[in-house]
Amino acid sequence: GNPIQIAGDRSVGVMVHRSERNELLMELANQHAEAMARRQHQDHNDFTKRAEVAWSKAGISAMEICAESWKDQANDSPVRLWTEAFDCWRQSPGHWGVASKKHRAFGYAMARGRNDVWYFCIIVGN
């Protein structure tokens with residue numbers, strides 16, 4: 001199964017997982033999750049470049065949300081980790097505005113840093 005879909009099903013109102021999974025957005029989200037894990041810092045660095053790639057290669061107008069876990073979650077299951085990320089996004093109207101809607105396309109990824117923190121990225125587009 002898809003952990004983001006399972007986590008989404010456990011978070012009332014989450015529709016992003018019902019969007020069409022897009023391989024380009026999956027690749028871009030993975031690249032960013034891996035970069036955050038390497039830097040051991042959550043950010044939106046170079047989002048403009050990811051958005052330009054999504055537009056030029058697929059005609060997708062992209063948006064992005066990111067999160068990070070707590071160190072004590074290093075060994076939690078992907079379902080638990082994604083559920084926590086969605087719970088955190090729910091606390092922010094801007095993030096929830098992205099996480100709670102169905103989009104034309106989406107991609108997601110998570111990567112673990114050397115600091116035992118997981119970094120999450122969802123890129124959606126219309």
Identify the heavy atoms of [X] and [Y] that sit nearest to each other, and give their distance.
X	Y	value
I123	A62	CG2-CB, 3.9 Å
M110	F120	CB-CD2, 3.7 Å
I60	A105	CD1-CB, 4.0 Å

Would you give the length of the straight line joining atom [atom1] of [X] to atom [atom2] of [Y], rounded to the nearest 0.5 angstrom?
X	Y	atom1	atom2	result
N115	E68	CG	CD	8.0 Å
R90	H95	CZ	NE2	14.5 Å
W70	C88	CH2	SG	7.5 Å
K101	M63	NZ	CE	8.0 Å

Residues which pass side-chain contact (heavy atoms from CB on, under 4.5 Å) with D43, listed by chain and number, not counting sequence neighbours: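 If we apply the side-chain contact (heavy atoms from CB on, under 4.5 Å) test to D43, skipping adjacent residues, the hits are H32, M36, R39, H41, N45.
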Residues in side-chain contact (heavy atoms from CB on, under 4.5 Å) contact with Q91, at least two apart in sequence or another chain: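 So Q91 forms no side-chain contact (heavy atoms from CB on, under 4.5 Å) with any residue.
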Single-linkage hydrophobic cluster, 4.5 Å side-chain cutoff, L28 and I65 together: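 Each belongs to a different hydrophobic cluster.
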hydrophobic_cluster_shared for I122 and L24, side chain cutoff 4.5 Å: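 No, L24 does not connect to I122 through the hydrophobic network.
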4.5 Å side-chain heavy-atom contact, [X] and [Y]:
X	Y	answer
E64	V98	no
Y108	M26	yes
N75	R80	no
S100	W89	no

Please check if the side chain of [X] supplies one atom and the backbone of [Y] the other of a donor-acceptor pair under 3.5 Å.
X	Y	answer
N22	L25	yes
W118	K71	no
N126	R104	yes
R50	A29	no
Y119	E34	no

Under the salt bridge (Lys or Arg N to Asp or Glu O under 4.0 Å) test, residues paired with D76 that sit two or more places apart: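 Checked D76 against salt bridge (Lys or Arg N to Asp or Glu O under 4.0 Å); zero matches.
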Geometric class of the W82/F86 ring pair [parallel <30°, tilted 30-60°, perpendicular >60°]: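 Rings of F86 and W82: tilted, 30 to 60°.
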